[in-house]
2 protein chains.
Amino acid sequence: MPGLDGTGPPWWGGKFRGCGYRITVPRQAILSVLSKTEDHLSAEDIYLKVHKIYPGVGLTTVYRTLDILVNMALVFKFDFGDKRARYELREGPKGERHHHHLICTGCNRVIDYTDFVDEEKDLLDKAEKGLSKKYNFKISGHSIQFYGLCEKCK
Amino acid sequence: MPGLDGTGPPWWGGKFRGCGYRITVPRQAILSVLSKTEDHLSAEDIYLKVHKIYPGVGLTTVYRTLDILVNMALVFKFDFGDKRARYELREGPKGERHHHHLICTGCNRVIDYTDFVDEEKDLLDKAEKGLSKKYNFKISGHSIQFYGLCEKCK
DNA sequence: TTTCTTATTGAAAATCATTTTCATTAACAG
DNA sequence: CTGTTAATGAAAATGATTTTCAATAAGAAA
């Protein structure tokens with residue numbers, strides 16, 4: 001198999017080893033695909049892209065690798081309400097961008113937005129503190145999303 | 001079939017007709033179950049409860065009815081990350097309570113909370129206005145949830 | 001480099017919530 | 001009471017994801 005292109009976050013090699021995982025061609029290919037897009041790809045989207053370059057890589061491996069990447073906190077997994085999960089590298093091509101999603105219930109298009117995230121952060125921090133104390137809950141994450149109809153669909 | 005107990009929101013009879021739907025025994029039974037719980041029931045949970053009293057009612061009908069109820073805005077449909085959808089009557093036994101969810105990723109327990117919902121509402125209103133203008137998006141709803149580990153699981 | 005161990009893999013089968021199909025039944029308008 | 005047709009249940013279909021299992025390849029050790 002030909003070598004990879006070396007794109008993608010440079011640090012995951014070490015992180016992988018650190019977690020006891022082997023660095024394999026399919027895993028590199030999947031990370032490479034994720035690192036080259038701004039989109040919210042489904043497992044099958046990723047499979048198709050990887051498959052073009054490495055036809056040997058199967059869908060099962062894509063699922064397994066994505067699971068690992070999510071557990072390693074290298075990748076976000078989202079659920080936008082259609083059945084398939086979507087995946088996004090935490091550190092995108094332009095560095096980490098904290099953002100949320102605007103989901104069109106008409107065409108399933110997803111718009112990233114970064115407006116209000118600062119205000120949101122304040123509120124979320126406050127809520128997190130209050131809730132974790134009141135309910136004795138160890139909060140590890142949150143999700144905010146808006147649903148509606150995009151320009152074209154409304 | 002024996003009659004129903006007459007619990008549940010009193011107004012849905014008319015609302016049903018208004019939408020051109022027939023009032024049937026399975027539909028009444030499902031609404032009755034929903035109106036008697038504070039829990040976040042899955043379709044199968046509801047099926048099992050309904051089935052105890054009306055063994056003739058099938059799971060398919062539960063799914064179909066829930067779909068209708070969600071579309072009529074009588075019921076909320078949630079996705080807590082385990083695969084099954086959860087359903088909640090909008091107007092619960094104690095009247096409508098605007099609340100959000102704290103989801104334990106350990107045991108899948110869900111805690112309703114109403115703290116911070118006022119502050120959240122302010123933020124959400126502001127965000128909704130801003131986003132709908134900026135992205136020309138007609139916002140129809142939102143979802144906020146926190147994930148973490150509950151008392152027992154952490 | 002070569003060998004060895006075992007994590008990783010792909011293909012196919014299994015899962016499982018949800019949806020569809022279709023012949024039968026029951027709401028309810030007239 | 002009767003006719004129309006929406007609603008129903010059982011079974012089959014769907015579709016994303018997971019599991020199984022024998023074959024393969026990563027990387028430590030020799």
Side-chain angles (χ1 to χ4, degrees), chain A residues 1-4 12-31 40-72 75 77-87 108, chain B residues 1-4 12-31 40-72 75 77-87 108:
Chain A
M1 268 187 183
L4 288 164
W12 56 263
K15 202 164 184 181
F16 249 77
R17 296 280 174 76
C19 293
Y21 292 120
R22 291 180 182 174
I23 295 171
T24 67
V25 169
R27 286 173 182 176
Q28 290 178 83
I30 289 162
L31 266 161
H40 314 88
L41 301 178
S42 67
E44 194 175 1
D45 293 337
I46 294 166
Y47 165 73
L48 289 172
K49 283 175 187 285
V50 168
H51 197 258
K52 254 184 219 155
I53 309 175
Y54 301 102
V57 176
L59 181 55
T60 310
T61 296
V62 173
Y63 275 108
R64 277 189 289 229
T65 300
L66 288 170
D67 248 12
I68 289 172
L69 295 175
V70 169
N71 284 328
M72 287 174 67
V75 162
K77 179 178 185 178
F78 292 108
D79 173 7
F80 294 152
D82 56 349
K83 303 291 174 182
R84 53 219 318 155
R86 308 306 182 108
Y87 301 86
N108 288 322
Chain B
M1 268 189 185
L4 286 165
W12 55 262
K15 201 164 186 183
F16 250 76
R17 296 281 174 77
C19 293
Y21 292 119
R22 292 180 182 173
I23 295 172
T24 67
V25 169
R27 285 171 184 178
Q28 291 178 82
I30 289 162
L31 266 161
H40 316 86
L41 301 178
S42 67
E44 196 176 0
D45 293 336
I46 295 166
Y47 164 73
L48 290 173
K49 282 174 187 287
V50 168
H51 197 259
K52 255 185 220 155
I53 309 175
Y54 301 102
V57 176
L59 181 55
T60 311
T61 297
V62 173
Y63 275 108
R64 277 188 289 229
T65 301
L66 288 170
D67 248 12
I68 290 172
L69 295 175
V70 169
N71 284 328
M72 287 173 67
V75 162
K77 179 179 185 178
F78 292 108
D79 173 8
F80 293 152
D82 57 350
K83 302 291 173 181
R84 49 211 333 152
R86 307 306 182 107
Y87 302 85
N108 287 322

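In what follows, every chain begins at residue 1, and chains take the letters A, B, ... in the order their sequences are listed.
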Distance (rounded to the nearest 0.5 Å) between [X] [atom1] and [Y] [atom2]:
X: B/Tyr47; Y: B/Lys52; atom1: OH; atom2: NZ; value: 12.5 Å
X: A/Ile30; Y: A/Leu41; atom1: CD1; atom2: CG; value: 11.5 Å
X: B/Leu69; Y: B/Lys15; atom1: CG; atom2: NZ; value: 10.0 Å
X: B/Leu66; Y: B/Ser42; atom1: CG; atom2: OG; value: 9.5 Å

With 3.5 Å as the limit, what N/O pairs link the protein to nucleotides 28-30 of chain C?
from, atom 1, to, atom 2, distance (Å)
C/dC28, OP1, B/Ile23, N, 2.8

Measure from OH on A/Tyr54 to P on C/dT9 and round the result to the nearest Å.
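Atom-to-atom, A/Tyr54 to C/dT9, this comes out as 14 Å.
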
For atom CD1 of B/Ile68 and atom C1' of D/dT8, their distance in whole Å
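B/Ile68 atom CD1 is separated from D/dT8 atom C1' by 11 Å.
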
Qualifying residues under ring pair (Phe, Tyr, Trp, His ring centres under 6.0 Å), relative to A/Phe80, sequence neighbours excluded:
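So A/Phe80 forms a ring pair (Phe, Tyr, Trp, His ring centres under 6.0 Å) with A/His40, A/Phe78, A/His101.
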
Using a cut-off of 4.0 Å between protein heavy atoms and nucleotide atoms, how would you tag nucleotides 11-23 of chain C 5' to 3' with B, S and -?
BB----SSBBB--

side-chain contact (heavy atoms from CB on, under 4.5 Å) involving A/Lys77 - partner list, sequence neighbours excluded:
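If we apply the side-chain contact (heavy atoms from CB on, under 4.5 Å) test to A/Lys77, skipping adjacent residues, the hits are A/Val70, A/Ala85, A/Tyr87.
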
Could you pull out all residues at least two apart from A/Ile68 that satisfy side-chain contact (heavy atoms from CB on, under 4.5 Å)?
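With neighbours one apart ignored, the set is A/Tyr21, A/Arg27, A/Met72.
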
Salt bridge (Lys or Arg N to Asp or Glu O under 4.0 Å) contacts in which one or both residues fall within residues 40-49 of chain B, not counting sequence neighbours:
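Salt bridge (Lys or Arg N to Asp or Glu O under 4.0 Å) check on residues 40-49 of chain B returns B/Glu44-B/Arg84.
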
